[in-house]
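Just so you know, ligand 1 is whichever comes first in the structure, and atom 1 is the first atom listed for that ligand.
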Amino acid sequence: MTAVTFPEDFLWGAATASYQIEGAANEDGKGVSIWDKFSHTPGKIKDGSTGDVACDHYHRYRDDVALMKRLKLRGYRFSISWPRILPGGKGRVNLEGLDFYSLLVDELLAANITPMATLYHWDLPQALEDRGGWANRDIASWFAEYTFAVVKHLGDRVKFWITLNEPQIFAILGYLFGSHAPGVANLHNYFPLSHNVNLAHGYGVEAIRSETRQAQVGTVFQTPPIHPATNSREDARAARNMDGLLNRWYTEPVLLGRYPEDILKLLNTIDLKIETGDLEKISQPLDFVGLNVYTRMFARHDPNVPFIESTLATDHKIQDAQYTAMGWEVYPQAIYESLMRFKEEWGDPVVYVTENGAAFEDSLKDGEINDSRRVQYLQKYLAATQKAMSDGVKVKGYFVWTLIDNFEWTEGYTQRFGIVYVDYATQKRIPKASAHWYRDLIEANGFDLPG
Ligand code: IFM
């Protein structure tokens, strides 16, 4: 046994996202989001489900906060649904939408739980998608308008603000591969679009700061280590290019004020539509960075892939490694490697681990869920986090993904990431063994790592 301990003021929490848990898709004046439309399109979601009801958190938030309190959470990261606040994406503000988050925040504060709000976790108003969505440069000012409306209302009580959740994931899956909402696959639009995403972050930071001075402002990246599938020189280059496309293309403009030189060279025929002053706007100082970590990825050389000549080797499996129900390798070193990159390459910011967790096939036996694989997963990733901290990374908190089982995007309800089980037929919440373990960890500010 090794004792793994954390500082007294470490912010232990859990994270969720609006479309994944709220439900109430058509209530109290909410507008339609791209995920409402996408999930209602036949064939897009594995089990044919939608987020219409999800975990019904919109109606059950009081009970859910009481549950968080029982689990001794000190922080809760949630996201705000843009179309609940601005049903048309811009223009008229829907006060009922704001009220919901206001009540949620009051409930959290009364339970002594620090709210951390994400402004964009993928549910873009469909009305804005109809005007080009992220491909339209105006999205930066639309995002600022929305951010301003939210922070004006909640900024007196919410002290942690996150602009975007995993920009590269929603941009690549939504607009390059087309596997997520809104289902667009357009290689040539993708790069200028990614610049609009980065720009919107910058406009968002400015909007938050213009409305409140006491806020801690950050953004959230998922930067999986990208390893070469073989020892060949070609695969090493492919891994570096994939890392450029997936990770550095988003971290470097925000944290270093420039796009990665090697990737710019590869894209030399593309007009990125970067205007004077954009990079200054994108790279305004942040108070913290959020890091979401699950696994690593592999890349291999593929001459047929335009520009980067690299493809993700999703078929590359490691013998004897454990895989989650998502098919993701359990690789605790991923969290160490990612954290160290922020220290060594990306300006050494204060970091919160804003998501980490795993989906396993949980089963309910005699009213209990003994998810020992999840407990072991969390133990190993937390031990690796602790190691990064002792190697100098300024990690100030950790949010498990996720509080309750929920709508896992194109996987629908087939994947259970929660530390609390949801019986979707009754909406009953049943804490899994991992939830009890997490509560004990929070109380002790540490745990004993077996072995
Ligand atoms: O469920 C998602 C979340 O919305 C964003 N980060 C990864 C999680 C697991 O896939």
Side-chain angles (χ1 to χ4, degrees), residues 13-23 33-36 38-39 44-47 49-51 54-55 57 76-82 116-124 162-174 177 179-181 197 218-225 246-247 250-251 289-297 312 314 323-331 334-335 338 351-362 371 373-374 377-378 381 398-422 434:
T16 63
S18 46
Y19 191 72
Q20 294 181 271
I21 65 165
E22 284 177 3
S33 81
I34 54 172
W35 271 97
D36 290 313
F38 190 77
S39 66
K44 297 294 186 193
I45 310 297
K46 205 171 181 176
D47 56 2
S49 64
T50 70
C55 308
H57 171 75
Y76 176 54
R77 175 181 171 233
F78 61 98
S79 82
I80 292 168
S81 158
W82 188 340
M116 183 182 269
T118 306
L119 287 151
Y120 187 73
H121 199 129
W122 308 357
D123 39 0
L124 185 74
I162 288 164
T163 53
L164 308 177
N165 181 70
E166 299 175 355
Q168 101 275 36
I169 305 279
F170 77 75
I172 291 179
L173 298 185
F177 295 168
S179 55
H180 272 201
V197 169
T219 190
V220 164
F221 297 111
Q222 188 187 154
T223 54
L246 285 184
N247 296 330
Y250 291 88
T251 53
V289 159
L291 173 66
N292 295 354
V293 190
Y294 292 89
T295 187
R296 65 171 155 179
M297 290 175 180
L312 284 174
T314 44
Y323 287 85
T324 70
M326 293 289 282
W328 297 348
E329 182 192 353
V330 177
Y331 182 70
I335 207 163
S338 298
V351 182
Y352 288 85
V353 175
T354 37
E355 286 182 25
N356 175 232
F360 289 108
E361 291 93 3
D362 297 319
D371 58 338
R373 285 177 301 179
R374 184 172 290 104
Y377 175 103
L378 296 174
Y381 278 69
Y398 174 97
F399 292 71
V400 70
W401 184 268
T402 176
L403 179 68
I404 47 181
D405 292 337
N406 59 47
F407 179 81
E408 177 54 25
W409 309 113
T410 50
E411 298 290 320
Y413 298 97
T414 64
Q415 299 287 334
R416 293 182 175 273
F417 274 91
I419 56 170
V420 174
Y421 185 90
V422 175
S434 56

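Counting only distance, with no hydrogens or angles, the side chain of Asn356 and the backbone of Val293 share a donor-acceptor pair below 3.5 Å.
Ring pair Phe417/Tyr294 is perpendicular by interplanar angle, where above 60° counts as perpendicular and below 30° as parallel. Ring-plane geometry between His121 and Trp409 is classed as parallel, the angle between the planes falling under 30 degrees on a 0 to 90 degree scale with a further cut at 60.
Cation-pi geometry between Arg374 and Phe360 is not met at under 6.0 angstrom from the ring centre and within 45 degrees of the axis.
Within 4.0 Å of ligand 1, contacts by protein heavy atoms are made from Gln20, His121, Trp122, Asn165, Glu166, Tyr294, Trp328, Glu355, Trp401, Glu408, Trp409, Phe417.
When the salt bridge (Lys or Arg N to Asp or Glu O under 4.0 Å) test is applied to Glu408, no partner is found at least two apart in sequence or on another chain.
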Report the C-alpha separation of Ile80 and Trp82 in whole Å, then their side-chain angles, then the decisive distance to 0.1 Å, and conclude whether the side chain to side chain contact (heavy atoms under 4.5 Å, CB included) test is met.
-> CA-CA 6 Å; Ile80 292 168; Trp82 188 340; over 6 Å; no
